[in-house]
Every structure is written in C-alpha cells, then in structure tokens.
Amino acid sequence: MTAEEHAAALWALERASHDEFVAKIRAWAEAAEASGDELRARRHREHLSRLAAMPKPWERAQRAA
C-alpha cells in the first residue's frame, strides 16, 4: 500500500466517523423538535452549524490531489 492509499483510507475512516456523528446530532435535533423542546433543538442545530463550518482535512487532501 502506498502512502497515498494509506492516507486516503484514513481520510475515508475519519469522514465516515464524522458523517455518523453528524447524523446522530441531526437525529437528536429532530427528536427535540418533535417533542417541542425548542431550546434543546436550537442547541443541536447550532452544533450542526459548527460541525458544518469546521475545516475537514479530507476535503483539503482531495483539493490538493
């Protein structure tokens, strides 16, 4: 396995982990909205916004390639 293949595998794992975490937070936000807990729903939506805004190393690696 080349260094590039190894890096791509690591980025794929990191992205999968990130996507899974985002899905979990999104589910929490939807559950809070469904239960009428606007404060909790707003906090989860804000968390999703922060996650969306954060730099993602796998995107930088793809642009550089």
Side-chain angles (χ1 to χ4, degrees):
M1 177 181 277
T2 67
E4 291 81 18
E5 291 169 334
H6 183 71
L10 290 174
W11 292 135
L13 286 172
E14 188 170 348
R15 181 177 187 151
S17 175
H18 176 80
D19 290 345
E20 182 179 319
F21 185 65
V22 168
K24 184 185 298 187
I25 302 301
R26 186 171 290 121
W28 291 348
E30 291 169 359
E33 290 170 359
S35 70
D37 188 343
E38 282 302 314
L39 176 61
R40 198 169 50 129
R42 179 176 50 83
R43 287 180 178 164
H44 291 314
R45 287 191 304 266
E46 289 170 353
H47 192 180
L48 288 169
S49 295
R50 289 190 304 275
L51 289 171
M54 69 183 276
K56 295 163 186 74
W58 56 88
E59 291 175 351
R60 184 178 62 243
Q62 287 175 352
R63 284 193 300 260

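A heavy-atom distance below 4.5 Å is found between the side chains of E46 and R50. Counting only heavy atoms from C-beta outward, the side chains of R45 and E33 approach each other to under 4.5 Å.
Here the closest non-hydrogen pair linking M1 and E5 is CA-OE1, 3.3 Å. Between A29 and A41, the shortest heavy-atom distance links the atoms O-CB, 4.0 Å. Of all heavy-atom pairs spanning R40 and S35, the tightest one is NH2-OG, 3.5 Å. For K56 against H18, the heavy-atom pair with the smallest separation is CE-NE2, 3.7 Å.
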**Study point:** Worked verdict on E14 versus L10 for side-chain contact (heavy atoms from CB on, under 4.5 Å)
**Key:** CA-CA 6 Å; E14 188 170 348; L10 290 174; over 6 Å; no
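Relative ring orientation between H44 and W28 is described as tilted, the plane-to-plane angle lying within the 30° to 60° band.
A single hydrophobic cluster is seen to contain both I25 and M54, as judged by linkage of ILVMFWY side chains at heavy-atom distances under 4.5 Å, directly or through other members.
Between E20 and K24 there is no salt bridge, since no side-chain nitrogen of the basic residue lies less than 4.0 Å from a carboxylate oxygen of the acidic one.
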